[in-house]
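Here is the structure we will look at.
Side chains included, hydrogens not; waters and symmetry mates left out as well; all remaining heavy atoms used. Only a predicted model underlies this, so the values are computations on that prediction, with no experimental measurement involved.
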Amino acid sequence: QVQLVESGGGLVQAGGSLRLSCAASGRTFSSYHMGWFRQAPGKEREFVAAISWSGGTTYYADSVKGRFTISRDNAKNTVYLQMNTLKPEDTAVYYCAADLSLRGLQIGVGIDYWGQGTQVTVSS
């Protein structure tokens, strides 16, 4: 069992930066691939980024590539999402996810665990 708690969301002006954190409980955190998803009002949840259990492989949605960086610290049971050059269209609730399948994270199907989400609002 893995419980995920996100933090770090907030209000930021366009062009600014935020770093989201996702703290995981459970001794099996390092076994899981981790990801971030987001859901804007009136839209479906979409994939943002994923990282393998070792941190050696990362994937990004085209819309955030070059601006966002996903990383993890297995000693701290935490995964991060550094978001730079934020745009108003990045406004959404951001969710942390854990899955034993990296491919599953990329396509957002059959995710094992979800966090409760943290709001990110980017003003123009």
### Task
If a pair satisfies salt bridge (charged side-chain N to carboxylate O under 4.0 Å, His left out) and one of its residues is in residues 93-117, list it, with sequence neighbours excluded.
none
#### Entry: Between CH2 on residue Trp53 and OG on residue Ser30, distance to nearest 0.5 Å
7.5 Å
### Task
Would you mind listing every side chain to side chain donor-acceptor pair (under 3.5 Å) that reaches into residues 9-20, with sequence neighbours excluded?
Ser17-Asn84
### Query
Do you know the tightest heavy-atom contact between Gly56 and Ser52?
N-OG, 3.3 Å
### Query
Is there any disulfide bond (SG atoms under 2.5 Å apart) pair reaching into residues 36-66, and which pairs are they, with sequence neighbours excluded?
none
### Query
Do you reckon Val79 sits in the same ILVMFWY cluster as Tyr95, going by side-chain contacts under 4.5 Å, direct or chained?
no
### Query
Is there a path of hydrophobic side-chain contacts, each under 4.5 Å between heavy atoms of I, L, V, M, F, W or Y residues, that connects Leu100 with Ile111?
no
### Task
Measure across Thr78 and Ala23 and return the closest heavy-atom pair with its distance rounded to 0.1 Å.
OG1-CA, 4.2 Å
### Query
Who passes side chain to side chain contact (heavy atoms under 4.5 Å, CB included) against Ala50, sequence neighbours left out?
Phe47, Leu102, Leu105
### Query
Checking Glu6 side chain against Gln116 main chain: does a donor-acceptor pair fall under 3.5 Å?
yes
### Query
Should the heavy atoms of other residues, nucleotides or ligands under 6.0 Å from CH2 of Trp114 be counted, would the total exceed 12?
yes
### Query
Got Phe37 and Val93 here, is their nearest side-chain heavy-atom distance under 4.5 Å?
no
### Message
Once ring-ring contact (aromatic ring centres under 6.0 Å, His included) is applied, do any residues pair with Tyr60, and if so which ones, sequence neighbours excluded?
### Response
none
### Message
If hydrophobic clusters are built from ILVMFWY residues whose side chains come within less than 4.5 Å, do Leu18 and Ile51 share one?
### Response
yes
### Task
Enumerate the residue pairs fulfilling salt bridge (charged side-chain N to carboxylate O under 4.0 Å, His left out) with a member in residues 44-61, sequence neighbours excluded, ordered by first and then second residue.
Arg38-Glu46
### Query
Should Tyr94 and Ile70 be counted in the same cluster of Ile, Leu, Val, Met, Phe, Trp and Tyr side chains packed under 4.5 Å apart?
yes
### Task
Would you name the heavy atoms of Gln39 and Lys43 that are closest together and state the gap between them?
NE2-O, 3.0 Å
### Task
List the atom of Ala49, the atom of Leu81, and the distance in Å for their closest heavy-atom pair.
CB-CD1, 4.2 Å
### Message
Listing request: all disulfide bond (SG atoms under 2.5 Å apart) pairs with a residue in residues 73-124, at least two apart in sequence or in separate chains.
### Response
Cys22-Cys96
### Message
Test of understanding: with ring-ring contact (aromatic ring centres under 6.0 Å, His included), list the residues that count as partners of Tyr32, not counting sequence neighbours.
### Response
Tyr113
### Same apolar cluster: Met34 and Tyr80, side chain cutoff 4.5 Å
no
### Query
Is a side-chain donor or acceptor of Ser25 paired with a backbone partner of Gln3 at a separation under 3.5 angstrom?
yes
### Query
Which atom pair, heavy atoms only, marks the closest approach of Arg72 to Phe29?
NH2-O, 3.2 Å
## Note on the structure
For residues 73-85, the salt bridge (charged side-chain N to carboxylate O under 4.0 Å, His left out) pairs (sequence neighbours left out) are none
### Query
So among Asp90, Val12, Leu20, which one has a side-chain contact (heavy atoms from CB on, under 4.5 Å) with Met83?
Leu20
Identify every side-chain donor-acceptor pair in residues 117-124 under 3.5 Å, counting partners at least two apart or on other chains, and give the distances.
{"from": "Thr118", "atom 1": "OG1", "to": "Gly9", "atom 2": "N", "distance (Å)": "3.3"}
{"from": "Gln119", "atom 1": "NE2", "to": "Ala92", "atom 2": "O", "distance (Å)": "3.4"}
{"from": "Gln119", "atom 1": "NE2", "to": "Thr121", "atom 2": "OG1", "distance (Å)": "3.3"}

### Task
Just jot down the salt bridge (Lys or Arg N to Asp or Glu O under 4.0 Å) partners of Lys65, sequence neighbours excluded, or say none.
Asp62
### Summary
So the disulfide bond (SG atoms under 2.5 Å apart) pairs with at least one residue in residues 32-82 (sequence neighbours excluded) are none
### Query
Do you know which two heavy atoms are closest between Leu4 and Ala98, and how far apart they sit?
CD1-N, 3.8 Å
